[in-house]
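To keep things clear, I will list the structure first and then write my remarks on it.
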Amino acid sequence: MVLASLSTGVIARIMHGEVVDGPVLQILAIKKINSAADSERYRILISDGKYFNSYAMLASQLNVMQHNGELEEFTIVQLDKYVTSLVGKDGAGKRVLIISELTVVNPGAEVKSKIGEPVTYENAAKQDLAPKAAAPSNSKPVAKKEPGHNNNNNVVMNSSINSGMTHPISSLSPYQNKWVIKARVTSKSGIRTWSNARGEGKLFSMDLMDESGEIRATAFKEQCDKFFDLIQVDSVYYISKCQLKPANKQYSSLNNAYEMTFSGETVVQLCDDTDDDPIPEIKYNLIPISDVSGMENKAAVDTIGICKEVGELQSFVARTTNKEFKKREITLVDMSNSAISLTLWGDEAVNFDGHVQPVILVKGSRINEFNGGKSLSLGGGSIMKINPDIPEAHKLRGWFDNGGGDNVANMVSARTGGGNFSTEWMTLKDARARNLGSGDKPDYFQCKAVVHIVKQENAFYRACPQSDCNKKVVDEGNDQFRCEKCNALFPNFKYRLLINMSIGDWTSNRWVSSFNEVGEQLLGHTSQEVGEALENDPAKAEQIFSALNFTSHIFKLRCKNEVFGDMTRNKLTVQSVAPINHKEYNKHLLKELKELTGIGPSN
DNA sequence: CCCCCCCC
């Protein structure tokens with residue numbers, strides 16, 4: 001076994017500001033810093049064999065290495081990426097080493113002992129330091145200063161910027177307020193107003209990130225107006241003089257025990273030296289839309305797709321909070337031949353122009369699962385980019401403009417109840433033979449079938465006229481109708497359809513039930529029209545119902561055993577009907593043929 | 001000081 005040589009004496013040079021590529025060092029100890037819960041930080045005692053530094057910290061993305069036991073005592077590591085930064089009051093505090101990327105060269109178990117007799121670098125001999133007066137590590141020439149906001153003689157801010165000495169986000173706490181951070185905005189909310197018992201106002205919030213960590217910041221009222229336009233996602237800013245307070249973890253998934261609030265003292269200054277900047281870029285973990293099917297409900301998703309369809313802007317009042325919301329649902333497609341619904345909110349929904357079918361990138365969108373379909377929703381901390389200038393976007397554009405989105409096979413948001421995949425094709429005979437519906441949960445399948453018989457008897461009922469109640473009403477006479485669910489009398493009612501019909505495919509036939517919306521779609525008339533015809537105009541009703549006979553459709557069916565007394569019946573309910581897409585259906589038939597015969601196209 | 005992002 002060969003142990004790597006340590007970069008002897010290098011810690012003194014690094015800590016005096018020299019930039020050294022890939023120093024090889026030994027971990028002598030690692031311990032968790034006593035900080036508030038939920039913000040996990042590790043401090044390291046690290047040595048180059050001659051000097052040690054006990055003020056080294058692990059950037060949080062490396063915590064996992066410690067969890068995996070890769071950073072035990074005596075481990076030899078190479079630092080692939082690190083910065084030094086000042087913490088403490090007025091820049092007079094400690095300089096810390098923050099390690100954001102490292103490679104294990106020799107595991108601690110192999111090395112087994114401390115190398116050399118290191119002493120603190122603060123006593124380093126002159127010859128170990130860089131020959132010329134070394135610049136602090138962050139002190140690349142700072143770009144020309146923008147006129148800062150509230151930047152009147154801000155000594156701390158200016159001296160920090162001029163010296164290149166900023167504080168790592170992970171070092172911020174409520175106990176010390178002389179700091180300047182240099183951070184990238186990773187997301188920014190819209191302006192939101194509130195009004196409650198304690199008052200009213202407006203605010204916006206943003207997420208900030210640097211090499212060491214991340215933090216949420218919120219600007220209220222005056223600060224909201226003052227800073228909203230200045231703050232832009234992806235830009236880097238110097239920020240100082242905010243209030244810090246414990247983060248309410250209920251509302252934030254950021255890895256920080258604290259959050260900050262802008263105050264009247266807060267100073268924000270755009271930093272435009274982005275091309276040679278130690279602040280990391282926002283990372284997008286883009287996944288194919290098809291992958292969303294297999295992910296957990298509420299999980300965060302970064303993805304990119306073409307906006308193939310745009311829904312109308314919708315307004316509604318949330319039933320629980322009585323707040324009004326605006327939303328718009330759009331459909332994204334990508335090269336996994338999959339489509340998914342994405343919900344935009346507020347101004348983003350109002351201002352969205354989808355008719356040009358732009359490329360849409362989302363970061364941190366949330367999965368909402370309903371009846372087996374999964375859709376995405378933008379929320380706090382998520383961002384959307386329209387036509388981002390990245391290779392993935394150009395690739396998608398080319399794919400889509402050449403007809404790529406024409407044959408989307410996998411509807412990730414389709415409500416099949418069937419779980420992770422598109423609804424399985426099955427014949428009516430196989431559905432029986434395979435005892436579908438006998439489990440705890442319903443089964444779902446689809447088949448192509450023709451309508452044989454449609455029952456007119458009991459094809460409708462009179463329902464409560466309230467929009468969110470479909471309960472059958474009791475005719476009280478005198479044109480009064482009682483809803484027992486709403487416990488109210490109404491002078492009117494609405495018709496609801498409940499169509500029973502026999503459908504058949506080439507293997508078998510079955511009775512199926514269709515509820516209101518599917519019934520309207522099949523009959524091509526509103527429930528009101530159908531109900532009135534059945535009650536008052538038998539000839540019209542006959543015309544409406546017979547038009548459905550011998551028509552073929554793709555039926556998505558829900559199959560479940562239902563118990564009535566001591567009888568168990570296997571019941572089929574039509575979830576949705578669609579016209580036969582012959583291209584799609586033939587694809588399915590070819591696949592079946594290939595499975596039966598082994599002959600056919602490769603996919 | 002917000003912390004809402006529904007419904008089906």
Side-chain angles (χ1 to χ4, degrees), chain A residues 38 187-207 215-228 242-254 256 258-264 266 297-298 300-301 311-330 341-350 352 362 364-384 411 413-417 442 444 466-470 496 515-518 520-521 556 558 573 575-576:
Chain A
D38 301 318
S187 74
K188 173 193 175 188
S189 78
I191 292 178
R192 189 166 71 236
T193 58
W194 83 89
S195 174
N196 59 30
R198 278 166 291 182
E200 55 182 61
K202 57 175 156 179
L203 70 113
F204 82 101
S205 61
M206 74 209 84
D207 293 344
I215 194 165
R216 156 73 52 89
T218 306
F220 290 96
K221 299 177 184 174
E222 296 83 6
Q223 282 71 251
C224 174
D225 289 335
K226 186 168 164 183
F227 293 111
F228 186 78
C242 299
Q243 289 166 9
L244 275 115
K245 61 174 186 180
N248 189 337
K249 300 307 283 187
Q250 193 185 338
Y251 305 119
S252 164
S253 54
L254 292 193
N256 201 315
Y258 304 111
E259 60 187 33
M260 25 193 250
T261 303
F262 282 21
S263 73
T266 295
N297 191 20
K298 302 299 169 196
V301 170
E312 295 297 309
L313 182 70
Q314 298 173 55
S315 288
F316 66 93
V317 175
R319 216 167 283 168
T320 46
T321 57
N322 270 340
K323 283 196 179 179
E324 198 195 343
F325 290 94
K326 290 195 174 76
K327 73 160 188 184
R328 189 194 295 273
E329 286 180 17
I330 68 174
S341 166
L342 169 72
T343 305
L344 316 181
W345 297 91
D347 287 345
E348 255 175 349
V350 173
F352 188 79
V362 291
S365 67
R366 294 280 157 191
I367 298 179
N368 276 310
E369 188 173 5
F370 181 69
N371 274 0
K374 287 186 170 118
S375 54
L376 299 177
S377 179
L378 256 38
S382 41
I383 53 178
M384 171 176 76
M411 302 295 179
S413 302
R415 297 163 192 175
T416 62
Y444 296 82
Q466 300 279 81
S467 64
D468 49 357
C469 179
N470 296 323
R496 296 277 300 177
F515 290 103
N516 198 56
E517 288 70 23
V518 172
E520 288 185 327
Q521 193 186 337
K556 287 198 174 173
R558 176 190 192 270
T573 309
Q575 295 293 111
S576 67

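Computed from heavy atoms alone, side chains included, the values below leave out hydrogens, waters and symmetry copies. So you know, we letter chains A, B, ... as the sequences are listed, proteins then strands, and number each from 1.
Heavy atoms of A:Lys221 sit under 4.0 angstrom from at least one base atom.
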What does the B/S/- profile of nucleotides 3-8 of chain B look like, 5' to 3', with a 4.0 Å heavy-atom cutoff to protein? BBBB-B
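Side-chain contact of A:Asn368 with A:Ser375: a donor-acceptor pair under 3.5 Å is absent, judged by distance alone.
A distance of 6.0 Å or more separates the ring centres of A:Phe262 and A:Phe220.
Remark: A:Glu517 engages A:Arg496 in a salt bridge, criterion side-chain N to carboxylate O under 4.0 Å.
A:Phe204 places none of its side-chain heavy atoms less than 4.5 Å from the side chain of A:Arg192.
The side chain to side chain donor-acceptor pair (under 3.5 Å) pairs that include a residue from residues 193-206 of chain A are A:Lys202-A:Asp225, where partners are two or more places apart or lie in different chains.
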